[in-house]
Amino acid sequence: MVDLPSFNLTTTPLTGLTGLDVVALPVRGGGSAGNGAGNGAAEGSGPRVGDADAEVARGLGIDPEAVLELQKAKGAPGETVVIPAVRRDAAVKSVILLGIGDGSPQALRKAGAALARQSRDRARVATTALADLEADAVRAFVEGYLLAGYRFSRKSEPPESVDQTVDLVVADPGPYQEAVDRGVVTGRAVRLARDLANTPANEKSPAWLAEQAELVAERAGLAVRVWDERELAAKGFGGLIAVGMGSARPPRLIELAYQPDRATRKRKTPHVVLVGKGITFDTGGLSLKPREAMVPMKTDMSGGGAVIAVMSALRDLGVGVRVTGLVAAAENMPSGSAQRPGDVITQYGGKTVEIMNTDAEGRLVLADALAYADRELAPDVIVDLATLTGAATLGLGRQYAALYATDEALAEALLTAGQASGDRLWRMPLVEDYRSTLDSDVADICHVNRDPRMGGGSITAALFLREFVGERPWAHLDIAGPARADADADEITRGGTGFGTRALLRWLEGLG
Ligand code: BES
Ligand code: MN
Ligand code: ZN
C-alpha cells in the first residue's frame with residue numbers, strides 16, 4: 001500500500017554521500033538475537049566494527065567501540081544501537097550500529113528488518129553492511145528490509161509515507177545487482193500476499209479475489225481463467241459449491257498460467273501446479289466457530305494469496321518451468337442455504353464425501369482443485385498451501401509450517417528452499433494407519449476423522465487431500481500457524497505474513 005523504497009548499489013564511500021538521514025554501520029559479532037541456525041559467531045568474540053566503518057564513525061564524532069561497550073552491544077543479528085545527532089547542523093540525523101552477526105543470510109535478513117524499522121519515514125538511508133558479503137546475504141537483507149517496512153492501513157488518514165532511497169555501499173556492485181533485483185521482486189510479491197490477506201472480508205469476496213488475480217495476470221503476463229458458480233456446478237466442483245452455498249457471495253475457481261519465455265525455457269519444461277486455499281472468510285458454517293476463533297478468519301485465504309503472489313513474480317525472476325496456479329475461493333457462512341453436517345457431496349472427479357463438520361471446509365475446496373489439476377492439467381508435481389488446521393500449530397507453533405509429501409526429492413527440495421528463504425517448513429508423516437479413521441459408511445470417504453480424541457488433525461487432513469492427487473508427486477503445506485502473526489518480529493509484521501511465497505519462489509527458481 002506504501003511505495004517501496006528503492007535500493008541503489010554504489011561504490012561511492014559513505015563520506016562521499018551527502019544529505020543522508022541515516023547511516024548504518026555493520027557490527028559483526030555473536031549473541032543470539034535470533035532463531036534458526038547459523039546466526040551466531042564464535043563464542044567469546046566481541047562485537048567488531050571494520051576499520052573503514054570505524055573511520056566513518058569517528059568522522060561523525062562517534063567512538064564506535066566505546067558506544068558498543070557502554071551499550072553492552074554484541075553485534076547480534078538485528079541488534080541496533082541508534083546514535084541520534086545532537087546538533088542541528090549534523091551531517092546525518094542518526095548513525096545506527098547495526099548487528100550483522102556472522103554475516104549469514106539469516107543474520108542479514110534480521111539486520112535488514114531492524115534497519116527498516118529504525119529508518120521508517122527517513123528519506124535517505126545508506127549502509128556499508130553488505131560490503132563484502134555473499135550474494136544470498138544481500139538478497140536476504142533486501143527482503144528483510146522490504147518486509148519489515150510493510151504496512152497495511154484502512155485509516156481515513158493514511159499514514160505518512162516518504163519516497164525512500166537506500167544506498168548500499170559496496171566495493172563492486174557487479175555480483176550484487178541480481179541479488180538486489182531478486183530481493184525486490186520477492187519482497188514485492190510477499191507484500192502483495194500480505195495485502196490480500198489483510199484486506200477485510202467485507203471487501204474481499206471470492207469474486208474480488210478473482211479480480212485481483214486478473215489484475216496480476218495482466219501485469220505479469222499470465223493467462224487467467226475464472227470459473228463462476230454456474231460453471232463450477234455444471235463441471236461438478238461439488239466441494240466449492242457445497243462450501244460456498246451458504247454465502248451470498250458465490251465461489252470461484254481461479255486459474256493462472258505461466259509459460260516461460262523462449263529464452264528461459266528448458267528443453268522439456270516440467271509443469272508445476274500450485275493450489276491455494278482461498279476461503280475469504282471462515283465462520284465455520286453451521287458448525288460455527290466460537291467468537292474469538294472467528295476473528296482472524298479473513299486470513300483463511302492466505303494459501304490462495306500466496307499462490308497469486310508467487311505467480312506475480314515468476315516472469316521477473318525468469319523461472320524456467322511452466323507453472324499453473326489454482327485458487328479455490330469460497331466464503332464459509334452459515335445460512336438457510338448452507339451445507340449441513342451429514343450431507344454427502346460429490347467432489348470434482350466423482351468421489352463422494354460425507355460431511356462431518358462444516359468447519360473443515362478447506363479440504364473440500366482443495367480436493368476439487370487437486371482433482372482438477374490431476375485429471376485435466378497432467379502436471380509433473382502438485383504443491384498446495386492451506387491454512388488448514390489449528391492442529392498444525394499445536395505441535396510446531398507459529399513459526400513453522402507442516403510439510404507433507406509423497407515424494408522424497410520434492411520434500412527435500414522444499415525444505416531446503418524454505419530454510420534458505422526464511423519460510424521455515426518441518427516435515428510431518430502421512431501415517432498410513434490413520435487413513436482408516438476417514439472411512440465412511442455412506443460415502444467413499446469422510447473428510448474428518450470420526451473420533452476427535454485421536455488427535456493428529458493436521459495429518460488426517462493431509463491424508464484426505466492425498467486421495468485427490470492420483471499418483472502425482474505432491475506436497476502439502478499446512479500454514480495455519482505461520483500465515484498470520486500476532487506481533488511484529490524481524491521481517492514479519494502483525495497480520496497476514498505472506499508465508500509460503502518466499503519458499504515457493506525459491507524452490508521454483510531452483511527448478512530452472
Ligand atoms: N481455517 C481453519 C483452520 C485454522 C485455525 C487456521 C486456526 C488458522 C487458525 C480450518 O478451516 C478449520 O476450521 N479447521 C478445523 C478442522 C476441524 C473442524 C477438523 C480446525 O482446525 O479446528
Ligand atoms: Mn474452518
Ligand atoms: Zn478454514
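FYI, side chains are in, hydrogens and waters are out, and symmetry mates aren't considered; it's all heavy atoms of this structure.
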Relative to the ring of W227, is the ring of Y372 parallel (under 30°), tilted (30 to 60°) or perpendicular (over 60°)? perpendicular
Rounded to the nearest 0.5 Å, how far apart are [atom1] of [X] and [atom2] of [Y]?
| X | Y | atom1 | atom2 | result |
| --- | --- | --- | --- | --- |
| R506 | T501 | CZ | OG1 | 13.0 Å |
| Q347 | H447 | CD | NE2 | 9.5 Å |
| Q212 | L192 | CD | CG | 8.0 Å |
| I382 | D384 | CD1 | CG | 8.5 Å |
| R398 | T393 | CZ | OG1 | 7.0 Å |
| L98 | L115 | CG | CG | 5.5 Å |

Trace of the side-chain hydrogen bond (donor to acceptor under 3.5 Å, both in side chains) decision for Q399 with R424: CA-CA 7 Å; Q399 295 201 21; R424 286 173 298 172; 2.6 Å; yes
Kindly write out the residues that satisfy side-chain contact (heavy atoms from CB on, under 4.5 Å) with R315, not counting sequence neighbours, or none if the list is empty.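 For R315, the residues satisfying side-chain contact (heavy atoms from CB on, under 4.5 Å) (neighbours in sequence not counted) are Y258, D261.
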Are the side chain of [X] and the backbone N or O of [Y] linked by a donor-acceptor pair below 3.5 Å?
| X | Y | answer |
| --- | --- | --- |
| S247 | G244 | no |
| S335 | G246 | yes |
| T497 | P482 | yes |
| D423 | A503 | yes |
| R117 | G149 | no |
| N198 | G496 | yes |
| N332 | T358 | yes |

Does some side-chain heavy atom of [Y] sit less than 4.5 Å from a side-chain heavy atom of [X]?
| X | Y | result |
| --- | --- | --- |
| F141 | D136 | no |
| Q259 | L222 | no |
| L147 | I492 | no |
| L410 | W474 | no |
| R194 | F152 | no |
| L385 | L504 | yes |
| V353 | V344 | no |
| L196 | I308 | yes |

Going by the rule ring pair (Phe, Tyr, Trp, His ring centres under 6.0 Å), which residues pair with F468 if we only count those two or more places apart in sequence or in a different chain? F464
Listed by chain and number, what are the ring pair (Phe, Tyr, Trp, His ring centres under 6.0 Å) partners of Y145, not counting sequence neighbours? F7
Around atom [atom1] of [X], are there more than 12 heavy atoms from other residues, nucleotides or ligands closer than 6.0 Å?
| X | atom1 | answer |
| --- | --- | --- |
| E203 | CD | yes |
| W426 | CH2 | no |
| R450 | CZ | yes |

Decide yes or no on salt bridge (charged side-chain N to carboxylate O under 4.0 Å, His left out) for R427 and E408, but give the supporting numbers first. CA-CA 10 Å; R427 180 111 183 246; E408 299 306 305; 3.1 Å; yes
Between the side chains of [X] and [Y], is a donor N or O closer than 3.5 angstrom to an acceptor N or O?
| X | Y | answer |
| --- | --- | --- |
| S458 | D478 | yes |
| R484 | S302 | no |
| R139 | T186 | yes |
| H271 | D380 | no |
| Y348 | D374 | no |
| R122 | Q164 | no |

Is a salt bridge present between [X] and [Y], judged by a nitrogen-to-oxygen distance below 4.0 Å?
| X | Y | answer |
| --- | --- | --- |
| D300 | K277 | yes |
| D444 | K351 | no |
| R502 | E491 | yes |
| E143 | R182 | no |
| K204 | E331 | no |

Determine, stepwise, if the pair D359 / K289 fulfils salt bridge (charged side-chain N to carboxylate O under 4.0 Å, His left out). CA-CA 7 Å; D359 197 10; K289 283 186 184 297; 2.9 Å; yes
Nearest heavy atoms of [X] and [Y], plus distance in Å:
| X | Y | value |
| --- | --- | --- |
| A116 | A148 | CB-CB, 4.1 Å |
| Y434 | M454 | CG-CE, 3.8 Å |
| V448 | A360 | CG2-CB, 3.4 Å |
| M301 | A197 | SD-CA, 3.6 Å |

Do you know which of D195, D488, D121 makes salt bridge (charged side-chain N to carboxylate O under 4.0 Å, His left out) with R151? D121
